[in-house]
Structures are given as C-alpha cells and as structure tokens.
Amino acid sequence: MSESDDVWKVNRERDGEAQRFESNFPQYGPVGRAFAPVAGFGVTLRNFFRPTVTEQYPDKKTPAMPRYHGRHQLNRYADGLEKCIGCELCAWACPADAIYVEADSNTEDKQYSPGERYGRVYQINYLRCIFCGLCIEACPTRALTMTNEYELAGPTREGLIYEKQDLLAPLEDGMLQAPHPMVPGTVDDDYYKGDVTKVVKEQTEWVREHRPEDPTLPENQKQEAGRG
Amino acid sequence: MTSTADTATSEAVETVTLTIDGTEVTVPKGTLIIRAAEQVGIDIPRFCDHPLLAPAGACRQCLVDVAAPDREGNVRAFPKPQASCTMQAMDGMIVNTQHTSDDAKRAQEGVMELLLINHPLDCPVCDKGGECPLQNQALSHGRPESRFIDVKRVFEKPLALSSEILLDRERCVLCQRCTRFSKEIAGDAFIDLQNRGAMQQIGTFNEEVLNFDGYEPIGVAAEDESGKAFSSYYSGNTVQICPVGALTSAAYRFRSRPFDLVSAPGISEHDSSGAAIRTDHRRGKILRRLSDNDPVVNEEWITDKDRFAFAWQNLSDRLTRPLVRGEDGELHEASWPAAIARAAEGLRAAAGRTGTAADKKAKGVGVLPGGRITLEDAYAYQKFARVALGTNDIDTRTRISSDEEQAFLGAAVAGTGLGVTFSDLEKAPAVLLAGFEPEDEGGVVFLRLRKSWGTQQVLTVAPFLSRGAEKLSATLIETVPGAEAAALAAIKAGTETADALGQDGAVIVLGERLAGSPGALSEALRLAKRTGARLAWIPRRAGERGALEAGALPGLLPGGRDAASASARQAVADAWGVDGLPETDGRDADAIIAAAAARQLDALVVGGVTPSDLTADLRKALDRVGFVVSLEVRRTEVAQYADVVLPVAPPSEKPGTFVNWEGRLRGFATAIRTDAISDHRALDFLARELGVDLKVGTVSDVNEQLAALGAAGKGERVKAPTAKAAKASAGASDELVLASWHLLVDEGALQDGEPYLAGTGRTAVARLSQATAERIGVKDGVVTVSGERRSSIELPVVITPMADGVVWLPAKSPGSWVAQELGVEPGARVSVKGGI
Ligand code: SF4
Ligand code: SF4
Ligand code: SF4
Ligand code: FES
C-alpha cells in the first residue's frame with residue numbers, strides 16, 4: 001500500500017464520521033404520523049378566514065410605495081430650464097448600460113439648462129434598466145429622479161427606448177418652456193442653490209419675441225383656458 | 001547593430017546609482033528623479049512634468065524627500081521636500097516619495113489642496129472629466145476633505161484663443177505645459193502667465209499693443225507674442241497635454257466621455273509624414289483624434305489638420321452604394337454586381353478587349369488614382385492598368401509634375417527603402433530646403449527641425465521667408481520660382497553654404513513643387529554629389545511615396561523599376577505570371593487629361609481627384625471622354641461625369657499602409673468596421689469581371705507580392721535626370737512670376753465639414769515686394785491676379801520683403817483657388833493689376 005492510499009483511507013474514515021448526524025425535524029408520535037398526509041389542508045383552511053391580498057390590477061391600480069423605483073424623470077428648475085447638463089454620469093453609473101446621453105453647448109439662442117452644457121440626446125432603454133437607482137445617485141444636479149410609474153411594457157423594442165421628451169417633467173404652472181435665457185444676473189450655481197424661484201419678466205419677453213406661439217406664455221395659456 | 005556597438009554605447013553613458021523608497025536604481029547621469037522613479041515603478045503625482053518639454057517645476061505636485069551627499073560625502077537631507085521633476089539624480093542620493101515619507105505625503109496633499117482651492121470642480125460639465133489627471137490624483141494623493149470655505153475666484157469662461165481652442169482659466173493649474181509647448185516646440189507663443197498670486201492666470205497678449213502682418217486666421221483669435229494673431233498649426237497639442245480641462249477644443253466640446261469611446265490606433269491621411277494618431281469613435285462615428293506616441297516619427301505631436309480634419313468622411317455626401325448612370329442620364333443606386341458589370345463592360349470596350357472587330361478602334365483607358373491612396377491601393381491601380389487594361393497611362397501625380405521629376409523619383413527615391421529619417425533631420429548640422437515650406441507642407445517635419453533650433457543651420461530656397469522658415473531662423477536664398485535650378489547651381493564649392501552642406505549629416509530637403517522648376521531636381525542631385533549632403537524628397541500628400549514604391553507612375557514599375565527597361569518589365573511580368581507588360585510609354589497625369597479632352601482616350605478610371613486642385617482641365621476631360629469610372633468616398637464633382645461610381649472606404653474604415661517620406665511603412669488596421677471596401681478590393685472585383693485575376697483582394701495578398709518583387713535590381717532602374725535650367729523669358733511689364741503653395745489649413749477636400757479648424761486657417765493675402773507693388777501700382781491695398789483662364793483672383797496685399805517681380809498667393813485658401821481660377825502652376829507668369 002502506498003502512502004497516498006493511506007491518506008485516502010484516513011480521509012474516508014473521517015468523512016464517514018462527519019456524515020453521521022441527527023435530524024432536527026420534529027419527531028412525531030403515532031397520531032401525528034397518521035394525520036400527516038392531510039396536515040397541509042390545515043394551512044388552506046386557515047387562509048379562508050384571513051384578509052385577501054389579490055389586487056385587481058389593471059382594473060384597480062394601487063399606488064406604489066413613495067420611494068418605489070419607477071420610470072425616470074428629468075426635472076426642471078422653477079423657471080422651466082432643464083436641470084440635466086448632459087454630463088453622462090448617470091450613463092456611467094448605470095450597471096445595465098441602459099442610458100445614452102449626448103451633450104451639447106448651450107448658446108445664446110438656445111439655452112436649455114443653466115451654464116454651458118445641456119443634454120441634447122437623452123435615452124433610457126427600459127428593456128435594459130434594472131431600476132437600481134444608481135443613476136439617481138450619480139446625478140450631480142438632481143436632474144434625474146424616479147417616479148412611481150411602473151407600467152413599462154410595450155409591444156415593440158423601440159417603444160421602450162424613452163427619449164428626452166418622454167422623460168422630461170411636465171411644465172408646472174408658471175414655468176416657461178426651454179430654451180430661454182437664464183434669469184439675468186444669475187450663474188448656474190444660483191440655480192443649483194435654489195435661488196431661482198420663478199420666471200422673470202426678461203425671460204417671458206425673450207420667449208414672446210422668439211416664439212410668440214409658445215403655449216407656456218401666460219397670454220397663450222389664458223386663451224387656451226378661455227377656449228376650453 | 002552588433003553587440004560590440006551595443007556595449008560601446010552603453011559604456012559611453014555615465015551612470016549614477018541612487019535609492020528610491022529603498023530600491024536601488026542605476027540611471028544615466030542627468031536623469032531626473034521622477035524619471036528614475038518611473039523606472040522602478042514608483043509613481044509620483046505630477047502635472048507640469050512632460051518628458052518632451054523642458055522641466056519647469058511649476059506645479060509642485062511632485063515633491064519628495066531627498067537626501068544627497070554633500071562635498072565631504074556625508075548624506076544630508078534637504079530641509080524641505082524637493083520637486084522631483086526638476087532635480088537630477090545624483091550618486092548616493094536617497095529619495096523617499098509619498099510611499100515612504102510622511103513629509104512628502106503631507107507636502108503633496110498640501111499642494112493638491114492648494115490647487116483645488118480655486119478650482120471650480122465642475123467635472124460634470126468638463127470635457128476632461130473621466131480622463132483628468134487632476135481628478136485622478138486628487139483622489140489618489142489628495143486629502144479627502146477640503147478645508148477651504150471661502151468664495152472661489154471666478155473668470156469668464158471659456159475664452160476663445162482661436163476658433164478651435166478654448167481656454168477655461170478657472171480650471172487651469174498653471175502648470176505651463178501649454179505655454180512651454182507653444183514656445184519650445186511649435187514656436188507660436190500665444191499665451192503666457194500673467195499677474196501674480198491668486199489672480200495669476202494664463203492669458204493672451206494685448207491686442208492694442210500688437211499689430212498684424214498678413215497671417216491673421218479666418219476665425220476669432222487671440223494675439224501671440226510677436227503681435228500676430230494666433231494661428232498655430234499645432235495648437236491642438238496643447239489640448240492634449242493640458243493635465244486639466246482648461247484647454248479644450250471647440251470640435252470635441254461636450255461631445256462625449258472617455259468611457260463612451262472606442263480607441264483605435266491609426267496613421268494620419270493628411271500628409272506624407274505618416275504621423276501616428278489615435279482615433280476615438282462612438283457608435284461608428286469619429287469624435288476626436290489624438291496624437292499617438294511614436295518616438296521615431298511624430299513623437300507626441302501632430303498637426304491640427306491631423307487632429308481635427310476627419311469630418312469629411314461622414315458628411316451627407318458620403319457614398320454607401322454604387323451608382324450607375326441609367327438611360328435617363330441620371331445616377332441611380334445599383335448593386336455591386338450590377339455596377340461592376342457595367343464598369344467592366346465600358347472598360348473592356350475602351351481597352352479593346354472585347355475580342356471583336358471594334359477592338360481596333362479602341363483608344364485605351366487612362367487611370368488617375370490621386371495622391372492620397374495607400375500603398376496597397378496604388379499597387380492595385382497600377383496592376384489593374386498594366387494587366388487588365390494593358391496601358392501605362394497611370395499617374396498618381398495629379399499635381400505639378402514633370403518627366404524630369406519622374407526620372408529623379410525613379411533614380412533617387414523609389415525603391416531606395418528607408419532614407420533620411422526624422423531623427424536624421426533633427427541631428428543634421430545643416431538643412432537646405434528647396435521648394436518646400438516646412439510648416440505649410442511638412443507638418444510635423446517642421447517640429448523636428450525646430451527641435452534643433454539654435455544648433456542647426458537652416459537654409460531655404462524660396463521667394464521669401466515664410467513664417468515657418470522665420471521660426472526656424474532660416475537663411476533665405478531668395479529665388480524667383482522657376483529659378484531654383486540656378487540657385488542650387490550657385491552653391492559652388494568653397495561658398496559658405498556649400499561648406500555647411502559639406503558637414504557630416506547635412507540634408508537637402510526637396511519639395512514636390514520643384515517638379516515645376518526645370519532643371520532643379522537634376523541640379524539638386526549634382527549639389528548632393530558635390531557636397532556629400534543627403535537628399536530627402538518630402539511630398540505633400542500621404543500616398544505619394546507609396547505610389548512610387550507601388551509603381552503607380554507611367555514610367556515606374558513596382559520597386560522603382562524602369563517601365564522602359566525590357567529586363568525590368570520581364571522581371572515584373574514573370575512575377576505576375578503574365579506574358580508581358582505594355583511597352584508603349586505611358587502618359588503622365590496632365591497628358592492623360594489632355595488626351596481624354598482631345599478624345600484620344602475612350603475611358604478614365606478616377607480615384608480621389610478633386611478637379612479644382614488641377615491646373616489641367618479635368619472637368620472638360622471627364623465631360624468629353626466616353627466612359628468614366630470613379631472610385632470615391634464621397635459624391636464629388638467627378639461623379640457628375642461618371643458612368644459608374646464605386647464607393648470606397650476612407651482610411652479609418654480600412655486596413656492599409658501609407659509609406660511616409662522617409663520610406664517607412666506605416667501600416668494601420670481598420671479603426672471602424674463598416675462594410676465599405678478599399679480601392680484595391682473594388683479593383684480586384686473589376687479585374688475579375690474583366691477576366692483577369694490580379695490577386696489584390698486583400699492587404700496581405702498585395703504585401704506578399706510587393707515583398708516578392710522587392711526593389712529594382714541593377715540595370716532595372718531609371719537613369720537620373722540631367723536636365724538644364726530653362727532660360728528665363730522676359731514677360732510683359734504687368735506680368736509677375738507666380739509663387740504659391742498650399743497652406744496647411746486651407747480648403748482642401750479632406751478638411752471639409754470642420755468649421756472650427758477652418759477658422760484657424762490663415763486669411764488669403766497676396767504678397768508682393770515694396771518695389772513690385774510700386775511698379776504695378778497697388779490701389780486700395782488690393783490686387784487682381786489673372787492667369788490663363790478667364791477668371792481672376794482679388795486679394796488684399798501684404799508688402800513682404802521678397803524677390804522682386806514675384807506675386808505670392810496661397811494655393812487653395814478661401815478666395816484663392818489658384819489652380820482653378822488661374823489655371824497655371826507656380827513659376828508661370830500671371831498678370832497683376834492694382835485694385836479690383
Ligand atoms: S441626468 Fe444627471 S447624471 Fe444624467 S446626464 Fe443629466 S445631469 Fe448628468
Ligand atoms: S479639470 Fe479635471 S478636476 Fe477640474 S473640473 Fe475638469 S475634470 Fe474636474
Ligand atoms: S491651461 Fe492647462 S496646460 Fe496651460 S498652464 Fe493651465 S493647466 Fe497647464
Ligand atoms: S511635476 Fe514637478 S513641479 Fe510639476
């Protein structure tokens with residue numbers, strides 16, 4: 001017998017010892033053993049008397065928890081300028097590579113966000129997104145947050161790639177559609193700090209001059225309301 | 001190199017041994033501590049240190065603890081940490097970096113904190129974010145928290161130094177890499193340190209104090225040190241070496257992030273230097289190009305054209321499918337097989353290969369591949385012409401050229417392998433430039449020459465000292481274009497110039513424009529023989545040297561063989577397995593175009609040729625000739641006349657080889673995979689359809705054949721030209737001799753679609769000497785130049801110290817398309833009138 005055979009034998013014996021174990025399942029007596037086959041019905045019977053958890057979705061929609069990770073939203077500042085600066089940090093953070101961003105320069109005629117840079121192309125592919133929220137963590141301007149919307153299914157692949165216009169937050173009352181200039185005398189920092197709280201006259205005038213038809217202008221809103 | 005030579009050189013180097021972080025390292029004397037540390041893998045953070053720039057010690061990020069032996073040999077520590085990028089290693093030195101010394105670590109953290117005090121930290125909107133040494137080193141070597149709570153200094157941002165280069169002073173760490181590059185390497189100092197303390201900044205020169213002299217760029221620009229508007233051809237390099245996002249380019253601004261990009265190495269298609277580049281692309285689109293590090297060729301620098309001019313290949317006129325002219329006279333998209341069949345049909349008839357009685361009347365096909373093709377493409381074009389079409393009518397020289405030039409190229413350049421190299425140029429004690437503008441026509445060649453500024457004597461045979469020549473402190477040998485031969489002949493033994501060229505390693509650089517000066521190339525050969533200087537021929541376009549090696553000239557076969565020599569023809573025919581090669585002398589490019597216009601050719605095969613670049617009337621030739629096949633990347637003007645247009649790949653979408661002016665093979669792989677095919681592959685298809693297997697379908701097929709052919713043997717070579725200078729003819733009194741060359745940034749086809757780069761190009765001006773300007777009576781500072789065509793060029797005049805009786809115009813700058821408008825080559829007489 002060679003040395004290695006010895007070792008093998010010793011190991012086998014040690015393993016054998018280790019395999020001897022005691023079960024920690026409860027050990028039933030004879031009555032218990034007799035009822036065991038129908039014990040499962042007990043569980044069923046018990047649940048007849050409990051409140052039901054079935055949701056009548058889609059007939060009745062239940063709101064998700066407040067912090068539920070649903071569809072993304074690109075937020076705006078109080079004057080309607082976009083918060084996204086096209087930095088691609090969300091795309092970088094995304095473990096599923098679901099986000100695609102292309103930035104561009106803001107110009108005098110086309111100022112979409114405060115500062116020099118804005119996101120020209122912004123896409124989220126909901127076939128890839130795993131709703132981990134890492135993009136939200138990464139966003140330096142709090143432009144990107146998640147809503148509670150969870151109905152993200154569709155018949156086509158293209159349809160599940162959400163574009164910037166699908167993700168942008170709707171304009172609230174008093175907001176002015178971008179592009180338009182920043183509040184005069186402010187820099188991007190003032191926006192980040194929350195010092196810009198409303199649209200100012202100069203901005204409205206600028207939009208009036210460049211896009212008189214814009215529905216977010218106060219006069220156009222009134223008209224619409226009147227018509228409605 | 002033999003092993004003895006190896007030991008000999010290593011013995012000659014004096015070394016010192018020092019200890020860094022407890023590791024002993026031996027380095028050549030004079031090595032900086034930071035470099036010695038690199039050798040043993042110890043990383044010291046740095047910003048201002050750059051291996052190709054002189055040490056500055058500006059950023060203080062590289063502080064380390066140093067102890068060195070004093071005069072008595074006792075090792076004594078320096079009282080304070082020292083900048084390792086400025087201190088040379090000494091024998092017995094003991095260096096402790098941040099890894100082993102707390103003092104060094106604290107010092108580095110302190111410097112980093114200081115650098116970040118006024119730094120905006122706007123990484124999310126900064127183009128450098130993701131590849132920023134400041135970001136990285138702040139993380140690896142900085143303090144986790146800043147103690148600074150005050151208001152940061154702000155500057156207006158960004159400042160446009162030129163239409164391409166933008167400066168964000170807030171982000172600048174004052175490392176001075178950019179200013180040192182501009183002064184030391186490019187010689188275009190345009191920014192410098194200004195002010196002191198917290199307000200210290202990189203700034204531009206004051207425009208009020210400064211004035212211009214005709215080198216203004218087209219777009220916005222700051223002024224440089226000499227008072228000229230900043231129009232550097234190398235400014236993009238500052239963006240690449242800036243260790244922060246202070247210098248950015250307008251073209252790449254906010255375009256992407258480093259993690260989006262796929263990088264591929266490549267070779268620039270813009271000039272004959274074969275500079276190594278890196279192409280960064282995202283989703284099949286090139287977003288930027290950077291310089292790659294190739295110490296033997298371009299070091300780490302490229303021209304702005306190499307860097308920024310890449311948009312041309314993705315413009316809306318890019319061809320993706322073959323086009324065939326239908327019955328209705330319009331071009332229609334067609335399948336490859338249909339297009340190839342149609343092209344083959346037309347060429348077969350024109351080449352007289354249908355096997356019918358009509359063959360007798362066939363007048364043949366001319367092939368104009370253009371000068372921007374790869375070695376493989378050039379080889380395929382000439383084999384296609386000689387084997388499938390049975391003609392020597394092939395010429396890549398769609399530019400100024402002559403028979404004398406062909407003889408010179410065949411005798412002294414083609415098939416001679418690696419000749420004068422970049423490092424030979426750098427080391428040469430004297431360099432004579434003839435018909436060659438180092439900055440405008442040479443690109444990175446200029447940077448190498450400038451590297452030896454102060455130790456190298458540069459002489460230039462030119463009508464005036466251009467800005468590039470001035471920056472080389474060149475001595476002008478004032479020459480009227482066309483009289484270069486006489487100027488070279490005048491360098492007699494015993495003259496100072498001849499003595500300079502007689503030094504060991506002296507080089508004579510010849511530009512492609514010398515072809516237009518009768519006798520000049522012959523005289524250059526004589527001068528080289530007389531003085532012992534070496535010759536370097538530096539053409540402009542990337543494909544020129546490769547075309548010589550491949551034999552894509554009428555009188556040259558592959559490897560520099562003479563097409564007129566029966567034995568050379570036989571050797572090539574044997575290698576190709578064909579019965580024989582065409583014996584009739586081929587026409588050169590001008591003659592092919594003339595013959596086509598005179599209906600002495602039945603068809604033309606045209607590669608990348610731009611009609612407006614030629615003095616010969618290519619449009620007329622294309623219009624009159626019966627059948628035109630065009631191989632192009634974009635739908636160009638040639639397509640208007642073409643019967644079949646085959647789309648081919650731009651260099652970034654194919655593999656291939658450029659041969660640079662040194663004779664160095666610069667192979668590159670496909671950077672972006674598309675289904676576009678190379679010219680040689682299209683020609684392979686075409687030849688098959690014609691019933692010939694050229695075996696040029698892949699790069700390796702071609703390279704195998706080229707290797708098997710080798711260089712020309714004895715007796716197979718072309719004889720050196722022995723032309724004499726032409727007698728100068730006296731012209732009419734209002735006629736002046738035209739001097740002209742292409743500026744580096746102009747309206748060449750490969751610079752299309754890049755407005756920011758175009759803005760850095762120089763505005764077109766006409767240059768005249770004071771006396772000439774007075775003689776012709778310049779009115780309102782403007783002249784009108786007219787040549788053989790009916791149109792003329794009007795340009796503002798800049799009085800320049802230069803040869804009398806000469807007018808200089810840029811060859812293809814905005815408003816000055818010399819070949820198209822005047823129809824004459826440099827050296828010709830043009831009539832010049834003052835005023836419009
Ligand atoms: S959403 Fe936020 S992280 Fe994403 S690009 Fe816009 S600003 Fe950057
Ligand atoms: S230079 Fe670097 S650290 Fe500074 S803002 Fe740009 S990426 Fe950030
Ligand atoms: S601009 Fe960039 S390269 Fe120039 S000094 Fe500032 S940090 Fe250095
Ligand atoms: S790297 Fe040494 S001082 Fe800047």
Side-chain angles (χ1 to χ4, degrees), chain A residues 74-75 81-108 110-123 125 134-144 161 164 179 182 185-193 195, chain B residues 118-132 135-136 139 149-160 163-171 220 245-262 280-288 314 755-756:
Chain A
L74 286 172
N75 299 312
L81 283 182
E82 294 161 13
K83 285 190 177 176
C84 175
I85 49 172
C87 68
E88 297 194 31
L89 288 179
C90 47
W92 205 345
C94 180
D97 201 5
I99 306 184
Y100 179 79
V101 185
E102 273 180 34
D104 212 336
S105 302
N106 280 319
T107 58
E108 253 167 53
K110 286 211 156 79
Q111 178 97 37
Y112 287 95
S113 68
E116 299 172 85
R117 180 173 174 144
Y118 78 101
R120 183 172 55 81
V121 177
Y122 196 98
Q123 298 175 340
N125 183 343
L134 288 181
C135 47
I136 311 303
E137 301 277 320
C139 183
T141 60
R142 285 257 161 260
L144 195 65
I161 299 175
K164 186 174 164 188
M182 292 161 65
T186 59
V187 292
D188 40 4
D189 270 354
D190 301 323
Y191 277 80
Y192 301 145
K193 287 187 203 137
D195 294 347
Chain B
N118 273 322
H119 197 86
L121 288 175
D122 51 357
C123 309
V125 292
C126 177
D127 270 336
K128 204 78 173 185
E131 52 182 4
C132 175
Q135 253 182 347
N136 295 345
L139 206 66
I149 46 163
D150 297 291
V151 179
K152 294 199 183 214
R153 170 207 62 188
V154 289
F155 286 121
E156 178 205 341
K157 63 205 268 175
L159 207 66
S163 59
E164 184 69 86
I165 309 296
L166 307 173
L167 169 66
D168 186 321
R169 287 165 295 172
E170 290 178 359
R171 293 187 192 132
V220 289
L247 286 163
T248 53
S249 71
Y252 180 67
R253 193 168 164 78
F254 304 157
R255 282 294 170 282
S256 79
R257 290 281 175 210
F259 61 88
D260 298 325
L261 299 170
V262 181
D280 283 354
H281 57 96
R282 177 189 201 183
R283 298 200 166 187
K285 208 174 137 210
I286 303 179
L287 285 176
R288 66 171 174 184
N314 287 324
Y756 304 113

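Quick note on labels: first sequence line is chain A, next is B, and so on, each numbered from 1.
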Over 12 foreign heavy atoms within 6.0 Å of OH, A:Y112 =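 Yes, OH of A:Y112 has more than 12 neighbouring heavy atoms, counting only those of other groups under 6.0 Å.
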Heavy-atom count around B:K152 NZ within 6.0 Å, excluding the residue itself: above 12?
->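 More than 12 within 6.0 Å, yes.
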Could you state the interatomic distance from [atom1] ([X]) to [atom2] ([Y]), rounded to the nearest 0.5 Å?
X	Y	atom1	atom2	answer
B:F254	A:R120	CZ	CZ	13.0 Å
A:R117	B:D122	CZ	CG	10.0 Å
A:E102	B:L287	CD	CG	7.5 Å

Only one of B:R282, B:R255, B:R257 clears salt bridge (charged side-chain N to carboxylate O under 4.0 Å, His left out) with A:E88; which?
->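 With A:E88 as partner, salt bridge (charged side-chain N to carboxylate O under 4.0 Å, His left out) holds for just one option, B:R282.
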Given that the side chain runs from C-beta out, which part of A:Y100 has a heavy atom under 4.5 Å from chain B: side chain, backbone, both or neither?
->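 Just its side chain gets close to chain B.
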Chain B contacts, top residue of A:I85, A:D188, A:V101, A:D104 (heavy-atom pairs, under 4.5 Å) |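 The option with the most such pairs is A:D104.
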For B:R153, which residues count as a side-chain contact (heavy atoms from CB on, under 4.5 Å) partner, sequence neighbours excluded?
->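 Only B:N118, B:F155, B:M199 meet the side-chain contact (heavy atoms from CB on, under 4.5 Å) criterion with B:R153.
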Minimum-distance pair of heavy atoms, taken over all atoms of B:P124 and A:C87 |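 Nearest heavy atoms, B:P124 then A:C87: O-CB, 2.9 Å.
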